[in-house]
Amino acid sequence: MSSVTPRPFLEVKDLTVRFETDDGIVQAVTESNFSLEAGKTLGIVGESGSGKSVTSLALLGLHRTRSNAKVSGQIWLDDQELVTASDQDVRALRGGKMSMIFQDPLSAMHPYYTVGAQIVEAYRVHNPKVSKKAARERAIDMLARVGIPQPSRRFNDYAHQFSGGMRQRAMIAMALVNDPKLLIADEPTTALDVTVQAQILDLIRDLQQEFHSAVIMITHDLGVVAELADDVLVMYGGKIIERGAAVDLFQRPQHPYTWGLLGSMPRLDREVRDRLTPVKGSPPSLINLPSGCAFHPRCPYAGRNGDRSFTDTPVLTGGAHAVACHLPAEERAKIFKEEVAPNL
Ligand SMILES: Nc1ncnc2c1ncn2[C@@H]1O[C@H](COP(=O)(O)OP(=O)(O)OP(=O)(O)O)[C@@H](O)[C@H]1O
Ligand code: SF4
Ligand SMILES: [Mg+2]
């Protein structure tokens, strides 16, 4: 019997991404640590500019085409390390073992090729020996699977001939054509109306169960996370500030920023007009991050524990449910129970 614990399917260690710009160094992602098992869904939430997309692009190796990007740390996918892997190896994985559904299918799909031709191409890049006819059958089958009516006719349409929801379905078909083991969905439904959003999310969930893929779901919407995610990362200023199982995070959120996010979640029993109370204040500059805890300018509890929030950067600690905040756990539990939970 071996005592060595197998590596999780995806394991990210100290992932750090910097962009050099004329204005200074953008600290887009700082020392990110997380893992994900096959068949599970990880939700990544946080405000605009918190580093969600940069995290996922780094997993896919897309920073390799950006000369101003510096990436360090380790990304283990199925026992293969990707930060130091060759461009060729990473390209071979992209669109195959790992693929991505982007927010805007129009910009991700080519205007001059038919939707079908693009799915065929995506398939044949990774399966060069497959005949054109078989690839076409596979593409039509995928279009049917994602719920596109008359798939063999729609195969010959261009992306602009599809409605928004249909385009998103076609992009999902393209992302899934090679049975990816890791699927990253970056705000896959933001551009769609609520009914279509729900259909697309159901579709991703069904296909995930069928293919047993690991899914990373990036979203502003905690409702989506509550519905789909097993685990959650909350990002702020390029860092993970809370990480845990979705159930724990929703029942016992630990970080004051997460409390703010939960407070901004729409609830069915509230009037629409007071549904959204976003966290007060603005996101930090990633070039000049605030000293100490990056959240301190917006945190109502920053002064409660001496000056530490202003001077020391809190480290993510706590095992399965981890949080980066200087307040002692008992004090946070008390604040949550007495001041926060009654207003959620
Ligand atoms: N190529 C680049 N050069 C310089 N800065 C960049 C580059 N790409 C991203 N950034 C910066 O990195 C930071 C994190 O961006 P990211 O796209 O990950 O945010 P996000 O959390 O996905 O936000 P949103 O919710 O708006 O999609 C932002 O400040 C962004 O401007
Ligand atoms: S470390 Fe301080 S400023 Fe940061 S979240 Fe905790 S209490 Fe607020
Ligand atoms: Mg983004």
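All residue numbers refer to positions in the sequence shown, counting from 1. Read the numbers this way: they start at 1 and go in the same order the structure lists the ligands and their atoms. All values below were derived from every heavy atom in this structure, side-chain atoms included, with hydrogens, water molecules and symmetry-related copies excluded.
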Answer yes when [X] and [Y] have at least one side-chain N-carboxylate O distance shorter than 4.0 Å, and no when they do not.
X    : Y    : answer
K97  : D78  : yes
K13  : E81  : no
R138 : D179 : yes

Requested in this report: Report yes or no: does S48 have an N/O/S atom closer than 2.8 Å to the Mg ion (ligand 3)?
Outcome: no

Under 4.0 Å from a heavy atom of [X]: give me the atoms of ligand 2 that qualify, with their elements.
X    : answer
L327 : 7 (S)
P256 : 5 (S)
Y301 : 7 (S)
H255 : 5 (S)
S309 : 1 (S), 2 (Fe), 3 (S), 7 (S)

Would you mind checking which non-hydrogen protein atom is closest to [atom], with the distance to 0.1 Å?
atom                    : result
atom 8 (Fe) of ligand 2 : C299 SG, 2.3 Å
atom 25 (O) of ligand 1 : K52 NZ, 2.8 Å
atom 28 (C) of ligand 1 : L286 CD1, 4.0 Å
atom 15 (O) of ligand 1 : V54 CG2, 3.7 Å
atom 6 (C) of ligand 1  : F19 CD1, 3.4 Å
atom 1 (S) of ligand 2  : H326 N, 3.3 Å

Query raised in the report: Hey, looking at atom 17 (O) of ligand 1, which of P283, G49, S53, G237 has the closest heavy atom?
Result: S53

Query raised in the report: Just checking, R136 and F155: is the charged tip under 6.0 Å from the six-membered ring centre and within 45° of the axis?
Result: yes

Requested in this report: For S50 and ligand 1, answer yes if some heavy atom of the residue is under 4.0 Å from a ligand atom, otherwise no.
Outcome: yes

Requested in this report: Could you tell me whether atom 30 (C) of ligand 1 has a protein heavy atom closer than 4.0 Å?
Outcome: no

Query raised in the report: V340 versus I335: any side-chain heavy-atom pair under 4.5 Å?
Result: yes

Atoms of ligand 1 close to [X] [distance to a heavy atom under 4.0 angstrom, numbered from 1]:
X    : answer
H220 : 25 (O)
A28  : 12 (O)
T21  : 4 (C)

Report task. Find the distance between CG (L143) and CE (M174) and round it off to the nearest 0.5 Å. Result -> 10.5 Å

Requested in this report: For H220 and E47, run side chain to side chain donor-acceptor pair (under 3.5 Å): C-alpha distance rounded to whole Å, both residues' side-chain angles, the deciding distance at 0.1 Å, then the answer.
Outcome: CA-CA 6 Å; H220 286 93; E47 286 164 314; over 6 Å; no

Query raised in the report: Should E242 and T258 be marked as a side chain to side chain donor-acceptor pair (under 3.5 Å) after you check the CA-CA gap, both sets of side-chain angles, and the distance that decides it?
Result: CA-CA 8 Å; E242 183 160 359; T258 313; 2.8 Å; yes

Query raised in the report: Above 12 or not: heavy atoms from other molecules or residues under 6.0 Å from CZ of R252?
Result: yes

Report task. Verify whether one side chain among Q199 and R169 offers a donor that lies under 3.5 Å from an acceptor in the other. Result -> yes

